[in-house]
J.: 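Provided herewith is a single structure, encoded as structure tokens, for subsequent inquiry.
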Amino acid sequence: MGPVKAIVMGASWGGLNAYTQILSALPSRFPAAILLVQHQHASAENRLPWLLARYCALPVIAPEDKEVILPGHVYVAPPGYHMLVNEDETLAFSVGRPVHFSRPAVDELFFSAGAVYGRHLAAVILTGANEDGAAGIEYIHRRGGYTIAQSSVSAEAPTMPESAVKTGAVSRVLDLEAIGPFLAEKVAG
């Protein structure tokens, strides 16, 4: 894995547990930006950044439109909006059509981040009950990014990581408890 500027992660069913395990393993001097999508209903309260901040040594942000993406910060997509990365490494939000019945959708973030960061991007697809993220993983892999899928045996809902693995574009499959330490070693180490 080359120098990573950003890591995108996507989860659905079981995502809160997955994110807390991964983020709690990252050091406070983690050098890459982290952008997270968790499938949530549009009317949900935006409590995820607050919940994740309790387990994470990094600042966890509920971002605004046009927010500059900074290294060592965690950005959480708000309920009801696709989170996208602009060419100038700022964030944008869209109320475009749901993808795989989801807004925010993992694929939307993965496609936009893959276009901007290319081989300086790592992507992690986590537990979830639909195929969101598989097309995005393929795209990031084609652009030279590093791709990780949670093992289906460690996922509360295995469909999302299994769909990503079936694309043949996953660089590494890891149990949930190994993802955070792997990122800490390979990106921060």
J.: Measuring from L91:CG to E64:CD, what's the distance to the nearest 0.5 Å?
T.: 10.5 Å

J.: For the hydrophobic clusters of this structure (ILVMFWY residues joined by side-chain heavy atoms under 4.5 Å, transitively), does one cluster hold both V165 and Y139?
T.: no

J.: So L35 and V76, do their side chains get closer than 4.5 Å, heavy atoms only?
T.: no

J.: A side-chain contact here means heavy atoms from C-beta on lying under 4.5 Å apart; do H100 and D107 qualify?
T.: yes

J.: Donor-acceptor check, side chain of Y75 to backbone of L70, threshold 3.5 angstrom: yes or no?
T.: yes

J.: Do V170 and I148 share a hydrophobic cluster (ILVMFWY, side-chain heavy atoms under 4.5 Å, transitive)?
T.: no

J.: Hey, could you give me each pair passing side chain to side chain donor-acceptor pair (under 3.5 Å) that has a residue in residues 35-61? Not counting sequence neighbours.
T.: S12-H39, H39-S102, H39-D132, H41-S43

J.: Under the side chain to side chain contact (heavy atoms under 4.5 Å, CB included) test against V187, which residue among I34, L26, V4 passes?
T.: V4

J.: State, with a plain yes or no, whether a side-chain heavy atom of M9 is found less than 4.5 Å away from one of V37.
T.: no

J.: Ignoring hydrogens, what is the shortest heavy-atom contact between L183 and F30? Give both atom names and the distance.
T.: O-CE1, 3.6 Å

J.: Would a hydrophobic clustering, with Ile, Leu, Val, Met, Phe, Trp and Tyr connected at side-chain separations under 4.5 Å, put L36 with Y81?
T.: no

J.: Quick one: list whatever passes side chain to side chain donor-acceptor pair (under 3.5 Å) with H82, sequence neighbours left out.
T.: none

J.: Just wondering, more than 12 heavy atoms not from E131 lying within 6.0 Å of its CD?
T.: no

J.: What pair of heavy atoms forms the shortest contact from P104 to G80, and how long is it?
T.: CD-N, 3.8 Å

J.: Tell me whether R143 at atom CZ has more than 12 heavy atoms from other residues, nucleotides or ligands lying less than 6.0 Å away.
T.: yes

J.: When hydrophobic residues are tied together by side-chain contacts of less than 4.5 Å, even through go-betweens, does V95 share a cluster with M83?
T.: yes

J.: Considering non-hydrogen atoms only, spot the tightest contact between G114 and I140 and give its length.
T.: CA-CG1, 4.0 Å

J.: From S163 OG over to E138 CD, what is the distance, rounded to the nearest 0.5 angstrom?
T.: 11.0 Å

J.: Does the side chain of F110 reach to within under 4.5 Å of the side chain of L121, using non-hydrogen atoms?
T.: no

J.: Which residue, V85, T90, L84, forms the side chain to side chain contact (heavy atoms under 4.5 Å, CB included) with V116?
T.: V85

J.: Side chains of C56 and V74: does their closest heavy-atom pair fall under 4.5 Å?
T.: yes

J.: Run the salt bridge (charged side-chain N to carboxylate O under 4.0 Å, His left out) test against E67 and tell me which residues pass, sequence neighbours left out.
T.: none

J.: Is the closest side-chain heavy-atom distance between F93 and P63 below 4.5 Å?
T.: yes

J.: Apply side chain to side chain contact (heavy atoms under 4.5 Å, CB included) to L48 and L16, showing your working.
T.: CA-CA 8 Å; L48 191 57; L16 178 60; 3.7 Å; yes

J.: Can you name the nearest heavy-atom pair linking T127 to G15, along with the distance?
T.: CG2-N, 3.7 Å

J.: Output the distance between atom CD (E156) and atom CG (L176), rounded to the nearest 0.5 Å.
T.: 9.0 Å

J.: Taking all atoms of both residues into account, what is the closest heavy-atom pair of A18 and L126, and its distance?
T.: CB-CD1, 4.1 Å

J.: Check E108 with R103, please: is the shortest side-chain N to carboxylate O separation under 4.0 Å?
T.: no

J.: Decide side chain to side chain contact (heavy atoms under 4.5 Å, CB included) for I7 and V124; before the verdict, give the C-alpha distance in whole Å, the side-chain angles of both, and the deciding distance to 0.1 Å.
T.: CA-CA 7 Å; I7 298 170; V124 182; 4.2 Å; yes

J.: Yes or no on side chain to side chain contact (heavy atoms under 4.5 Å, CB included) for M160 and V106, after CA distance, side-chain angles and deciding distance?
T.: CA-CA 10 Å; M160 270 174 59; V106 177; 4.0 Å; yes

J.: Is the closest side-chain heavy-atom distance between N130 and T159 below 4.5 Å?
T.: no

J.: Is there a chain of hydrophobic side chains (I, L, V, M, F, W, Y, each step under 4.5 Å between heavy atoms) that links L52 to W13?
T.: no

J.: Look only at the side chain of Q150 and the backbone of S154, and say whether a donor-acceptor pair between them is shorter than 3.5 Å.
T.: yes

J.: Would the distance check show the side chain of T147 and the main-chain N or O of A169 forming a donor-acceptor pair, the cut-off being under 3.5 Å?
T.: yes

J.: Nearest heavy-atom pair of T167 and A134: which atoms, and what distance?
T.: CG2-O, 3.8 Å

J.: Calculate, to the nearest 0.5 Å, the distance between atoms OG and CD1 belonging to S151 and I179 respectively.
T.: 7.5 Å

J.: So F182 and Y146, would you call those rings parallel, tilted or perpendicular, with 30° and 60° as cut-offs?
T.: parallel

